[in-house]
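Numbered from 1 within each chain, the chains take letters A, B, ... in sequence-line order. Keep in mind that the numbers below use all heavy atoms, side chains included, and drop hydrogens, waters and symmetry copies.
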Protein chains: 2
Amino acid sequence: MTAPPTERTPTLADVARRAGVSTATVSRCLNTPDRVIEETRNRVLQAVRDLGYSPNFGARALAAKRTNTIGAVIPTMENAIFARGLQAFQEELRLKGITLLVASSSYRAELEEEQIRTLVARGADGLFLIGAHRDPALYDFLNRRGIPTLVAWVHDPNAPVPTIGFDNHSAMLDLARRVIADGHRHIGVISAEQAGNDRARARVAAIRAAMDEAGLDPDALSLVETAYGIDEGAAAFEALMQRTPRPTVVMCGNDVLAVGAMGRAKEMGYDVPGDVSITGFDDIELAKVCSPGLTTVHVPHRQMGTRAARALISMVSEGTPGQGQRLDTRVVLRGSLGPPRA
Amino acid sequence: MTAPPTERTPTLADVARRAGVSTATVSRCLNTPDRVIEETRNRVLQAVRDLGYSPNFGARALAAKRTNTIGAVIPTMENAIFARGLQAFQEELRLKGITLLVASSSYRAELEEEQIRTLVARGADGLFLIGAHRDPALYDFLNRRGIPTLVAWVHDPNAPVPTIGFDNHSAMLDLARRVIADGHRHIGVISAEQAGNDRARARVAAIRAAMDEAGLDPDALSLVETAYGIDEGAAAFEALMQRTPRPTVVMCGNDVLAVGAMGRAKEMGYDVPGDVSITGFDDIELAKVCSPGLTTVHVPHRQMGTRAARALISMVSEGTPGQGQRLDTRVVLRGSLGPPRA
DNA sequence: TTGTAGGCGTTATCAT
DNA sequence: ATGATAACGCCTACAA
């Protein structure tokens with residue numbers, strides 16, 4: 001497989017020669033077929049097939065100043081949280097013949113910025129990002145370059161770009177109210193790093209708000225921030241359970257952390273939800289599968305992806321400003337949440 | 001964000017003008033910095049920063065005939081099976097400043113081929129694929145184009161390209177022997193579609209081989225093929241359990257199917273492993289987290305990704321033929337496998 | 001060490 | 001309807 005190529009990659013000129021037309025005509029056959037008489041077109045397309053020609057992407061991008069490519073930067077590919085939404089996003093793009101370029105930032109702002117610049121340099125016609133919070137200078141840069149950008153996973157009408165997602169605060173508020181209604185008074189929280197993560201911040205803030213509503217002492221909230229991952233969730237859970245007073249419920253910022261917490265709970269011999277309740281956020285497949293099932297907040301990932309794709313496509317192709325959308329979430333009650341043991 | 005660009009994207013020429021040098025010098029500063037005297041270089045790099053210049057990818061690819069890009073086609077992004085290995089692969093590429101382009105084929109050969117051609121047209125310097133089985137014409141095409149290609153997730157010394165992975169047959173054979181040693185005689189199997197999937201075929205064949213070794217009747221193998229997914233695994237499980245004789249163990253082609261099976265088993269009121277044992281393959285995080293834990297085959301995903309990256313990089317940059325590697329798997333015993341109830 | 005200039009494969013503008 | 005031809009932005013001999 002590493003031998004030097006035995007065949008030069010065929011070019012437009014090769015096709016033109018073989019079909020006995022000019023390169024311009026070949027180009028038209030490929031891009032605006034109706035501007036070419038049928039007979040000529042057939043001859044050209046035959047030559048294309050004979051040669052196995054396919055246009056050189058770089059050259060095309062250079063000449064046309066479009067790439068039919070949209071870039072996405074997500075925090076991680078390693079877990080299912082973004083996979084389902086992104087898959088739906090991609091499927092919708094494919095329908096329109098648009099290629100998706102995916103990069104991941106490992107939840108690090110400076111890496112995200114680097115990836116964004118790479119995608120821009122690669123000529124992405126539009127950008128799909130997660131979460132609205134980032135350096136204004138970056139939005140500025142994208143704006144000056146005229147690159148349509150859309151943010152998902154949050155809905156924030158005040159963001160500098162259209163956002164398609166849900167209200168993280170009100171979603172978590174619903175869940176926290178339910179937890180408190182169940183009688184919990186000492187609430188442990190495992191959150192992703194809040195710095196630079198607007199979703200994480202909103203979720204924690206919502207729990208505080210619910211406690212405040214219920215007249216609970218803010219100190220009854222016991223918080224651990226941690227990196228993303230099952231193991232991290234497990235470690236954070238263990239830390240929480242050693243604090244005094246011990247929480248009767250541990251609310252996690254996402255399902256992956258929650259699953260880690262639940263695993264460690266079992267290892268430590270706790271009964272869930274008898275000794276301690278656990279909740280998540282996202283409703284990924286894991287949440288259904290673990291036992292007891294995880295009480296969590298359901299997010300319409302696929303719908304979010306599909307709508308984001310449609311919106312971004314029209315921003316790119318029609319140059320319209322783009323419109324944000326707010327999607328609804330709902331609390332999903334499963335076995336992992338119950339009243340605290342008296 | 002969709003306003004027309006207010007600034008023309010700066011080009012090499014802009015940088016050159018600002019730094020008072022030729023475009024050639026700017027290009028050298030960026031690509032072969034040591035061929036430029038320090039003072040000039042500093043001036044140029046300052047201009048680069050001032051202008052926020054970043055090279056146009058298409059133009060660079062066109063002129064240099066390299067893209068510093070490697071393309072990967074995986075069957076699916078939606079589940080964790082390929083995510084961990086791919087993440088490791090990407091991390092290694094990043095270290096060398098190489099960009100990864102990921103596409104997914106939804107387990108469909110014709111889609112895979114389309115994606116491969118797209119990646120080639122986009123100038124991928126090398127290709128990373130899953131599984132060795134595909135149309136020889138496709139290998140031929142890659143060969144003629146001189147595109148270094150590496151296959152992972154299987155190890156097959158006879159494949160037309162280097163393969164870095166494990167021996168699916170012997171891995172599953174180990175597990176099947178263990179299952180039979182535990183006393184199981186009626187074995188249900190849930191496999192991904194075998195057509196065009198060499199991993200799936202090898203795994204099923206290994207179970208047959210183990211039964212043969214043990215002198216079991218081949219008819220004691222009860223097979224269901226299904227699409228990929230938790231729900232599909234659940235449905236397949238239900239179907240298997242309605243057959244006569246009812247299997248005492250259900251061996252699944254991967255962990256995702258197995259988790260689906262386990263979920264349905266609980267819903268149907270079966271005790272695992274008391275009434276029926278369940279096994280998986282891959283050892284993704286799910287396997288540890290569900291309960292009982294899933295007995296499965298551990299695959300060194302990250303190692304596979306890292307090694308594949310290194311091998312492919314040297315194939316691309318040094319033009320060496322590339323060398324396959326065989327990695328070891330091991331059976332991981334967890335609670336989901338036990339002897340059949342007498 | 002640096003500059004000049006040709007060419008990479010397409011698209012798009014003008015003619016014809 | 002089709003054909004010349006000038007960009008597009010960068011790299012890389014080759015020359016100075």
State whether [X] places a side-chain N or O below 4.0 Å from either non-bridging phosphate oxygen (OP1 or OP2) of [N].
{"X": "N31(B)", "N": "dC11(D)", "result": "yes"}
{"X": "R28(A)", "N": "dT2(D)", "result": "no"}
{"X": "T25(B)", "N": "dT1(C)", "result": "no"}
{"X": "S22(B)", "N": "dG3(C)", "result": "yes"}
{"X": "T23(B)", "N": "dG9(D)", "result": "no"}

In whole Å, what is the span from the [atom1] atom of [X] to the [atom2] atom of [N]?
{"X": "L62(A)", "N": "dA6(D)", "atom1": "CG", "atom2": "P", "value": "17 Å"}
{"X": "N68(A)", "N": "dT11(C)", "atom1": "CG", "atom2": "C1'", "value": "14 Å"}
{"X": "R17(B)", "N": "dG9(D)", "atom1": "CZ", "atom2": "C1'", "value": "13 Å"}
{"X": "D14(A)", "N": "dG9(C)", "atom1": "CG", "atom2": "P", "value": "9 Å"}
{"X": "R60(B)", "N": "dG7(C)", "atom1": "CZ", "atom2": "C1'", "value": "18 Å"}
{"X": "E38(B)", "N": "dT1(C)", "atom1": "CD", "atom2": "P", "value": "13 Å"}
{"X": "R66(A)", "N": "dC8(D)", "atom1": "CZ", "atom2": "P", "value": "17 Å"}
{"X": "L12(B)", "N": "dC10(D)", "atom1": "CG", "atom2": "P", "value": "4 Å"}

Closest approach to the side chain of [X], judged atom by atom: which nucleotide of [options] is it?
{"X": "T40(A)", "options": "dG3(C), dA1(D), dT10(C)", "answer": "dA1(D)"}
{"X": "A63(A)", "options": "dG3(C), dC8(D), dC8(C)", "answer": "dC8(D)"}
{"X": "N56(A)", "options": "dA12(C), dG9(C), dC11(D)", "answer": "dG9(C)"}

(request) Would you indicate whether E38(A), at its atom CD, is surrounded by more than 12 heavy atoms from other residues, nucleotides or ligands within a distance under 6.0 Å? (result) no
(request) Report the residue (K65(B) or I37(B)) whose heavy-atom-nearest nucleotide on DNA chain C is the more 5′ of the two. (result) I37(B)
(message) Could you report the tightest heavy-atom contact between P75(B) and S104(B), atom names first, then the distance?
(response) O-CB, 4.2 Å
(request) Give the minimum heavy-atom separation between R307(A) and I164(A), together with the two atoms involved. (result) O-CD1, 3.8 Å
What's [X] touching, base or sugar-phosphate or nothing? Going by heavy atoms closer than 4.0 Å.
{"X": "A64(A)", "result": "sugar-phosphate"}
{"X": "Y53(B)", "result": "sugar-phosphate"}
{"X": "V21(B)", "result": "sugar-phosphate"}

(request) Look at E91(B) together with R302(B) and state whether they make a salt bridge at an N to O cut-off of under 4.0 Å. (result) yes
(request) State whether R144(B) and D140(B) are salt-bridged, where the test is any N-O pair (Lys NZ or Arg NE/NH1/NH2 against Asp/Glu carboxylate O) under 4.0 Å. (result) yes
(message) On the six-membered ring of F141(A), is R117(A) placed so that its NZ or CZ lies under 6.0 angstrom from the centre and within 45° of the ring axis?
(response) yes
(message) By nearest heavy atom, map A24(A) and D34(A) onto DNA chain D; which one lands nearer the 5' end?
(response) D34(A)
